[in-house]
Chemist: 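Next up is a structure, given as structure tokens.
One-based numbering along the sequence shown.
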Amino acid sequence: MTAISVFQNDDGFWAVTAQGLVVTGLTREGAEAFAEAFLRLHDEQPPAAP
């Protein structure tokens with residue numbers, strides 16, 4: 001499973017981080033929605049060939 005983090009910055013905005021990705025300046029609702037969509041998209045990707 002992909003590791004993703006949702007947290008509130010010192011400026012009061014929310015951020016989402018994952019490997020190689022940082023999205024800032026979000027509302028709490030926006031951050032949660034982005035994280036859900038990101039995880040759903042990642043889960044739908046076919047596994048990489050060995």
Chemist: Starting at CG of Asn9, measure out to OG1 of Thr24 and round the result to the nearest 0.5 Å.
Modeler: 7.0 Å
Chemist: When rounded to the nearest 0.5 angstrom, what is the spacing between OG1 in Thr27 and CZ in Phe13?
Modeler: 9.5 Å
Chemist: So do the side chains of Phe38 and Val23 get within less than 4.5 Å of each other, counting heavy atoms only?
Modeler: no
Chemist: Report yes if some heavy atom in the side chain of Phe34 is under 4.5 Å from a heavy atom in the side chain of Val6; otherwise report no.
Modeler: no
Chemist: If you take all heavy atoms of Leu26 and Ala31, which pair is closest and at what distance?
Modeler: CD1-CA, 3.7 Å
